[in-house]
Amino acid sequence: MTQTTNIRRDGERPLLLDLFSCAGGAGVGYARAGFTVDGCDIADRPNYPFPRHRGDALAYLAHLMTTGEIRRYAFVHASPPCQHGCALTVGTNASQGWGRAHVDLVAPTRELLDATGLPYVIEQPNGRAKIRKDLTLCGEMFGLGVIRHRNFELGSWSIEQPAHVPHRGRVRGYRHGRFYDGPYVAAYGNGGGKPTVPELQAALGIDWTGVREELTEAIPPAYSEHIGRAFLASRALGVAA
């Protein structure tokens, strides 16, 4: 079943399409930067704080292109499923002898986004995902309680890479049976000294969902707020952030 919401502009705020939106980590950051946000995710995400379409993200994007509705958008953010290329997932699967295959949606996402002619961002974690690392962000750049490196491929625009801030210590948790303390929490999985949900929320800067799965999949809103502000400044859209 598909839930569809009307596409609207909100005053002078440009409209942004948030594909593979999950619970809205990226979307909230873009809203803080000055965008009106519409999301799309194949799963039901009742905690997503903006209008959303439930369905296949690439099918929805193709529909918007066919109908011409895509022209209402100023910018597109896409976070296709990362399990295929995530270093953590790939390494864990190999060490455990698991052979499960994950779908790589980066290439078809890029192909459709290029066809829209709109500026865009494709986000992925460190690993084997085949994207250009035009921008890499880390939680320490924003004073967060997670490291959470994320790479961003930028389509039809550019941004300056900020300097990487040295990490202040380790990620808290167990490694090979030994517990290590540190200033960062591990925002993935369960057990092994993993943080509580309130600790995850505080570390990521997310307070609108308390679902662990959504928190562990989210990018910190500080990342997309940084990207959104840089994009709006580069295009001189005159949007009040």
Side-chain angles (χ1 to χ4, degrees), residues 16-35 37 39 74-90 105-106 109-110 113 119-172 182-188 195 199-209 214-235 241:
L16 179 141
L17 180 60
D18 181 16
L19 297 175
F20 309 97
S21 54
C22 195
V28 167
Y30 286 117
R32 292 174 181 170
F35 288 92
V37 177
F75 192 82
V76 184
H77 174 99
S79 294
C82 64
Q83 290 91 345
H84 172 84
C86 175
L88 177 65
T89 303
V90 171
L105 295 180
V106 171
T109 297
R110 179 189 298 112
L113 290 176
Y120 64 82
V121 163
I122 300 175
E123 174 265 328
Q124 290 285 282
N126 279 337
R128 299 177 184 175
K130 295 181 180 179
I131 66 168
R132 296 191 315 272
K133 297 180 181 180
D134 298 323
L135 175 69
T136 299
L137 297 178
C138 168
E140 187 58 39
M141 295 176 180
F142 305 96
L144 300 177
V146 291
I147 293 176
R148 185 141 286 194
H149 292 120
R150 287 297 182 269
N151 301 307
F152 302 86
E153 179 175 319
L154 313 180
S156 301
W157 73 292
S158 62
I159 184 175
E160 184 177 349
Q161 169 66 50
H164 188 266
V165 181
H167 300 162
R168 291 173 285 123
R170 298 186 66 108
V171 175
R172 191 186 80 200
Y184 310 104
V185 301
Y188 56 87
E199 286 177 322
L200 273 174
Q201 291 173 314
L204 291 163
I206 292 175
D207 61 5
W208 63 91
T209 178
E214 294 179 343
L215 290 166
T216 58
E217 290 183 0
I219 70 168
Y223 291 14
S224 49
E225 182 177 358
H226 173 80
I227 293 170
R229 289 183 183 276
F231 173 76
L232 293 176
S234 73
R235 296 304 166 102

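Atom set for the values below is all heavy atoms of this structure, side chains included, hydrogens, waters and symmetry mates excluded. Position 1 is the first residue of the sequence; numbering continues from there. If you're wondering where the values come from, they're calculated on a predicted model, not measured in any experiment.
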From CG (Leu105) to CG (Leu19), nearest 0.5 Å: 11.5 Å

Under 3.5 Å: donor-acceptor pair, side chain of Arg132, backbone of Leu154: yes

Mutual orientation of the aromatic rings belonging to Phe142 and His226 [parallel < 30°, tilted 30-60°, perpendicular > 60°]: perpendicular

Exercise: identify the closest heavy-atom pair between Ala74 and Pro119: O-CG, 3.3 Å

Is any side-chain heavy atom of Pro221 less than 4.5 Å from a side-chain heavy atom of Ile206? yes

Could you tell me whether the side chain of Gln201 and the main chain of Thr209 form a donor-acceptor pair under 3.5 Å? yes

Fit a plane to each ring of Phe152 and Tyr223, take the angle between them on a 0 to 90° scale, and name the class: parallel (under 30°), tilted (30 to 60°) or perpendicular (over 60°). perpendicular

Less than 3.5 Å apart, which donor and acceptor atoms pair up between the side chains of residues 20-28 and the rest of the protein, not counting sequence neighbours?
residue : atom : partner : partner atom : Å
Ser21   : OG   : Cys40   : N            : 3.3
Ser21   : OG   : Cys40   : O            : 3.2

Test of understanding: with side-chain contact (heavy atoms from CB on, under 4.5 Å), list the residues that count as partners of Asp207, not counting sequence neighbours. none

Do Ile227 and Leu137 have side-chain heavy atoms sitting under 4.5 Å apart? yes

Could you work out, with ring pair (Phe, Tyr, Trp, His ring centres under 6.0 Å) as the rule, every residue matching Phe75, not counting sequence neighbours? Tyr30, Phe35, Trp157, Phe231

Counting C-beta onward and ignoring hydrogens, is there a side-chain heavy-atom pair between Leu144 and Leu204 closer than 4.5 Å? no

Which heavy atom of Glu153 sits nearest a heavy atom of Arg110, and at what distance? OE2-NE, 2.8 Å

Looking at OG of Ser79 and CD of Glu217, how far apart are the two atoms once the value is rounded to the nearest 0.5 Å? 10.5 Å

Given 3.5 Å as the limit, does a donor-acceptor pair link the side chain of Arg168 with the main chain of Tyr184, or not? no

Any side-chain heavy atom of Pro166 sitting closer than 4.5 Å to one from Glu140? no

Check whether any side-chain heavy atom of Ile159 sits under 4.5 Å from a side-chain heavy atom of Asp134, and report yes or no. no

Kindly indicate whether the side chain of Asn126, heavy atoms from C-beta on, has any atom under 4.5 Å from the side chain of Lys133. yes

Nearest non-hydrogen partners of Leu200 and Ala186, listed with the distance: CD2-O, 4.3 Å

For Thr136, is there any backbone N or O sitting under 3.5 Å from a side-chain donor or acceptor partner on Gln161? yes

